[in-house]
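Before any comments, here is the structure.
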Amino acid sequence: MQAAVGQTLQHGYAHHIQRLMVTGQFALLAEVMPQDVEDWYLAVYVDAVEWVELPNVAGMVLYANGGRFTSKPYIASGAYINRMSNYCQGCAYRPTEKSGPRACPMTVFYWNFLDKHYDALLRNPRTNLMAKNVSRLTTDERASLRERANSMLEHLDSL
Amino acid sequence: MPTEDVRHLIFILGDQLDLESAALNGFDTVQDVVFMAEVTSESTRVWSHVARTALFLSAMRHFAGALREKGLRCDYAHLGTQAHDTLSTALADAVSRHRPRKVVMVEPVEWGIEQDLARLCAALDVPLEAREDTHFLRVSSARFLAGASSCGACTGSTCRACARPTISNIVAVFPRGIGPARRGCGACRPQSDRRCNTDMRITSSG
């Protein structure tokens with residue numbers, strides 16, 4: 001987040017995957033209001049034009065139209081970020097951990113999202129496998145995951 | 001600049017900078033005038049990066065220069081010297097100065113702007129010809145509101161369930177092979193022999 005947001009603020013630019021899978025998916029998983037995300041993307045990108053940005057952010061990034069543009073929400077855990085970038089090197093959190101003191105917020109939010117929208121994701125053939133992973137967790141694990149996610153969501157600014 | 005005998009006032013917006021613009025089709029160097037305007041609302045209506053605003057203004061000024069080099073008359077309202085808050089007030093001012101027989105433009109992509117300009121021209125009693133965009137691949141508002149042609153699964157021009165033109169049906173009016181995911185709206189199930197639901201695959205162009 002620091003690298004993607006930092007680059008964005010410095011250059012007014014980030015590439016597609018930084019917008020979709022780093023800042024964008026964080027906003028989706030952290031349940032940021034779509035209107036606020038729309039405003040932020042318009043304000044920080046040199047190439048943002050409302051008639052392009054609005055449907056892309058609402059429809060593609062945030063799945064805020066319930067899937068009329070995309071057939072699934074674009075979500076991933078910290079492990080994906082780690083596989084696709086060098087962002088996790090030197091980060092205080094462990095991308096593969098969803099519990100414990102070094103649990104990656106992106107990963108916690110990802111599992112929280114799967115848990116919260118389990119039924120809908122299970123019905124969608126493109127997210128069915130993702131959702132099934134949640135069913136392997138015990139009830140206690142799911143409860144502590146929710147608790148952890150809520151605690152992190154309440155302290156987003158100090159993560 | 002002469003204020004009489006203007007046939008067409010060609011209004012070109014900052015995101016319509018195309019020398020091949022449909023608005024310039026049939027341009028008459030004697031009777032027609034291009035009008036462009038820098039207005040504050042286009043940078044303040046929604047959030048805008050300062051560099052983005054600067055790039056838009058720069059592109060507009062270069063474009064106006066290119067038009068003049070081609071010998072087209074271009075009336076350009078600069079921020080500062082001819083300050084206008086909105087595209088509507090800028091156009092109203094240009095119409096009062098040039099008194100064109102018709103305002104010609106490419107249909108704006110912003111629906112609100114299109115509505116504002118249409119209302120303005122009606123109030124000024126000057127015909128507005130909004131030409132279909134040939135630069136971007138898009139569906140005109142007229143076709144959108146009339147209901148786009150069906151994807152094959154939905155028998156009508158609109159979604160059976162909600163009776164409104166749907167995004168998927170709008171996408172379906174693009175020529176075959178160009179459209180992205182050509183899917184039903186979810187409410188409409190495809191007919192067995194004509195699959196419009198492409199299993200969520202994206203159809204590539206060509």
Side-chain angles (χ1 to χ4, degrees), chain A residues 4-16 18-20 23 27 32-60 62-74 120-121 123-130, chain B residues 13-17 41-59 107-114 133 135-139 141 144 151 159 161-162 164-172 179-188 197-203:
Chain A
V5 173
Q7 178 201 313
T8 296
L9 296 182
Q10 188 178 356
H11 300 294
Y13 179 80
H15 61 67
H16 173 72
Q18 290 170 315
R19 297 183 199 201
L20 179 65
T23 54
V32 182
M33 281 293 286
Q35 289 85 347
D36 293 340
V37 185
E38 297 280 2
D39 282 350
W40 191 78
Y41 273 55
L42 281 173
V44 298
Y45 292 118
V46 171
D47 58 2
V49 179
E50 193 190 17
W51 60 271
V52 178
E53 186 263 3
L54 193 141
N56 278 353
V57 171
M60 185 174 193
L62 299 176
Y63 204 69
N65 58 3
R68 306 198 60 183
F69 282 9
T70 59
S71 53
K72 71 176 185 79
Y74 283 88
L121 296 173
R123 279 197 302 273
N124 184 335
R126 292 203 68 196
T127 49
N128 174 268
L129 288 176
M130 266 185 194
Chain B
L13 307 181
D15 59 356
Q16 299 179 334
L17 309 181
S41 68
E42 287 304 292
S43 296
T44 56
R45 192 166 44 83
V46 294
W47 282 96
S48 175
H49 196 290
V50 286
R52 170 191 177 276
T53 300
L55 287 168
F56 261 92
L57 296 178
S58 174
E107 207 176 46
V109 284
E110 296 282 357
W111 190 78
I113 289 173
E114 181 185 9
D133 198 340
H135 190 192
F136 289 110
L137 184 62
R138 62 182 289 258
V139 178
S141 295
F144 183 95
C151 58
C159 172
C162 54
R164 293 175 56 195
T166 65
I167 289 296
S168 48
N169 287 351
I170 299 310
V171 169
R182 202 180 284 109
R183 300 200 288 130
C185 62
C188 320
N197 187 326
T198 55
D199 293 331
M200 299 167 192
R201 275 171 301 181
I202 306 296
T203 56

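Order of the sequence lines fixes the chain letters, A, B, ..., with proteins taken first and strands second; residue numbering starts at 1 for each chain. Just so you know, these numbers use all the heavy atoms, side chains as well, and skip hydrogens, waters and symmetry mates.
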Val49(A) side chain near Arg52(B) side chain, heavy-atom distance below 4.5 Å: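 Counting from C-beta outward, Val49(A) and Arg52(B) do come under 4.5 Å.
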With a 6.0 Å cut-off (strictly less than), is the heavy-atom count around CH2 of Trp40(A), excluding the residue itself, greater than 12? yes
Can you tell me which of Leu55(B), Asp15(B), Thr53(B), Val46(B) forms the most heavy-atom pairs within a distance under 4.5 Å of chain A? Val46(B)
Heavy-atom pairs under 4.5 Å with chain B - which of Gly12(A), Ala48(A), Ala43(A) has more of them than the others? Ala43(A)
